Amino acid sequence: MIDFKADLAKLISVEDFQRRVDEAKPFVARAQQDDFGGWVDLPINYDKDEFARIKKAAERIQSDSDYLVCIGIGGSYLGHRAVIEALGGAKKTKILYAGNSLSPRELQKVQRELGDKDFSVNVISKSGTTTEPAVAFRIFKQMLIDKYGEAEAARRIYATTDANKGALHDEAVAKGYESFVVPDNIGGRYSVLTAVGLLAIAAAGVDIDALMDGAEEERAALISDGGLATEYAVARNILLESDYNIEILANFEPQFMYFNEWWKQLFGESEGKDHKGIFPASVIDSTDLHSMGQYIQEGRRNLFETFVEVKEEYDGVTVPELAENLDGLKYLEGKEMDYVNKTANAATREAHTAGGVPVLEVLMPKLDERSLGALIYFFEMSCALSGFCLGVNPFNQPGVEAYKTRMFELLGKPGYEK
């Protein structure tokens, strides 16, 4: 379903590129066999009973809540926010996000938007003790209790956490929260197609069956040897070897802003270790062509771009015809805005290529649930294979703990005295 194009003729011959791709193909099996490779077979091996419970819980949330407050950080919120916003936002219960920072201003913004509306909470944390979501959960749990009483508050709390242990698991059992599982064999940044992401996605009115179907179809295309995901992974590493150490994910749909953020976590946390890796950045064009476009066109030549493009034409908005031509747009009259947008995309790729920026293309058939599920799986597979090509473990994140240790020292957490 997902197509990929790369022209690296200036850097490597077709024969050598194919040799590198062939060398990387065994990494698919390596990812599948890894202790944290549960995402590889997830599209055909997910818990069907839990999946059905997720859909029922989503229906209940839609029936009794104007808002669902999703409390989580990193992979516990970026994935489902990426999906919901890429598809145009919530169609049913509106989703609000908390626990992804320690900013009191951001938290109060969520509280103001809730006002006196009915709401539920989905707290997503494997341990239940990660500082940002744990603090937010305390606050919104108390808001639920104050508004509805303890019994009804417990009915409106949905915990996505460890299956057997941890502070949040134990509280969910004691209080009777409906619970869903954070799988032991899938890391947070690979978890969007698990209960971690699916409850919020379903509550927002997204078709999670179609999302999983798209991932399943993409898995079928990649599972034997990585297919085009292997080519993308190898292309990234070839560019890195030629000192292109910054990758910019570019697309022409503002709805992809949080998909870009999910992608940056996926690749940044997977590859950025042992003083290695490509720095992941992103732009939303044509907006950012009026801010970052100058640097990309003529700045340092250490960056390359990966364009995510939607093949399907999107009709419905046409440039109107006017008697006068004061704005000089007579040449666009009667043309679909999607045609104008896609032309700007093509022109940008050509201009940046001419300016010395290597350009890769990832193409999805449509901007719908099925294609988005496929795109998620494509990038997950590409990321794992790229990490193995680089010589790092794409499933751990040892550096994440450094700031926490120092923060706990400064805040006086017991056991972290300097």
Side-chain angles (χ1 to χ4, degrees), residues 57-58 61-62 64-125 128-149 152-161 168 177 188-189 191-192 196-206 253-265 282-284 287-288 291 400 403-404 407 410-411:
I61 292 166
Q62 291 165 1
D64 67 15
S65 299
D66 300 296
Y67 292 95
L68 175 65
V69 180
C70 290
I71 298 175
I73 195 167
S76 294
Y77 96 101
L78 279 174
H80 52 83
R81 189 166 192 175
V83 170
I84 293 166
E85 298 202 8
L87 293 171
K91 302 172 183 65
K92 296 290 182 69
T93 298
K94 189 171 182 181
I95 310 300
L96 297 176
Y97 300 91
N100 51 67
S101 77
L102 291 169
S103 166
R105 296 174 182 84
E106 190 66 18
L107 193 144
Q108 287 185 324
K109 179 181 174 182
V110 175
Q111 291 177 314
R112 286 195 300 272
E113 183 157 355
L114 284 175
D116 62 355
K117 299 290 188 180
D118 287 315
F119 73 100
S120 295
V121 166
N122 177 206
V123 55
I124 308 162
S125 174
T129 59
T130 302
T131 307
E132 294 91 340
V135 169
F137 183 44
R138 276 198 177 201
I139 292 168
F140 286 96
K141 176 171 57 179
Q142 190 60 52
M143 286 178 63
L144 283 171
I145 293 170
D146 293 344
K147 185 177 179 68
Y148 299 107
E152 177 64 11
R155 197 185 72 83
R156 288 174 173 269
I157 294 173
Y158 301 84
T160 308
T161 188
L168 182 55
Y177 308 152
R189 58 190 178 274
S191 68
V192 58
V196 170
L198 291 178
L199 179 58
I201 292 170
V206 173
E253 292 293 342
Q255 294 175 191
F256 265 78
M257 184 179 74
Y258 269 94
F259 189 91
N260 288 358
E261 296 302 310
W262 170 80
W263 176 88
K264 285 192 284 189
Q265 186 204 2
S282 65
V283 292
I284 298 290
T287 306
D288 287 336
S291 58
V400 172
Y403 94 89
K404 295 180 183 179
M407 178 179 69
L410 295 173
L411 289 174

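Computed from a predicted structure; not experimentally measured.
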Looking at every non-hydrogen atom in both residues, tell me the closest pair between [X] and [Y] and how far apart they are.
X	Y	value
F119	K147	CE2-CD, 4.0 Å
V121	I71	CG1-CD1, 3.7 Å
S101	S103	OG-N, 3.2 Å
V206	L87	CG1-CD1, 3.7 Å
A57	Y158	CB-CE2, 3.9 Å
L199	I61	CD1-CD1, 4.1 Å

Side chain [X], main chain [Y], donor-acceptor under 3.5 Å:
X	Y	answer
Q265	G75	yes
Q62	A203	yes
T130	P133	no

Note, [X] side chain near [Y] side chain (heavy atom, < 4.5 Å):
X	Y	answer
K141	I157	yes
Y67	V110	no
F137	L168	yes
R81	Y97	yes
T160	N122	yes
D64	R156	yes
T131	L102	yes
F140	V123	no

So, taking the atom named [atom1] in [X] and the one named [atom2] in [Y], what distance separates them when rounded to the nearest 0.5 Å?
X	Y	atom1	atom2	result
Q108	E106	CD	CD	11.0 Å
M257	T287	CE	OG1	11.0 Å
K94	K117	NZ	NZ	10.5 Å
E85	E261	CD	CD	10.5 Å
C70	I124	SG	CD1	5.0 Å

Given D116, D118, T93, the one that forms side-chain contact (heavy atoms from CB on, under 4.5 Å) with D66: D118

L114, I139, I95 screened by side-chain contact (heavy atoms from CB on, under 4.5 Å) with V69, the one that passes: L114

From CA spacing to verdict: side-chain contact (heavy atoms from CB on, under 4.5 Å), N260, I284: CA-CA 9 Å; N260 288 358; I284 298 290; 3.4 Å; yes

Mutual orientation of the aromatic rings belonging to H80 and Y77 [parallel < 30°, tilted 30-60°, perpendicular > 60°]: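 Rings of H80 and Y77: perpendicular, over 60°.
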
Whether over 12 other heavy atoms sit under 6.0 Å from K92 NZ: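 For K92, atom NZ is not crowded (no more than 12 foreign heavy atoms under 6.0 Å).
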
Over 12 foreign heavy atoms within 6.0 Å of NZ, K91: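 Counting neighbours around NZ of K91, more than 12 heavy atoms of other residues, nucleotides or ligands fall under 6.0 Å, so yes.
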
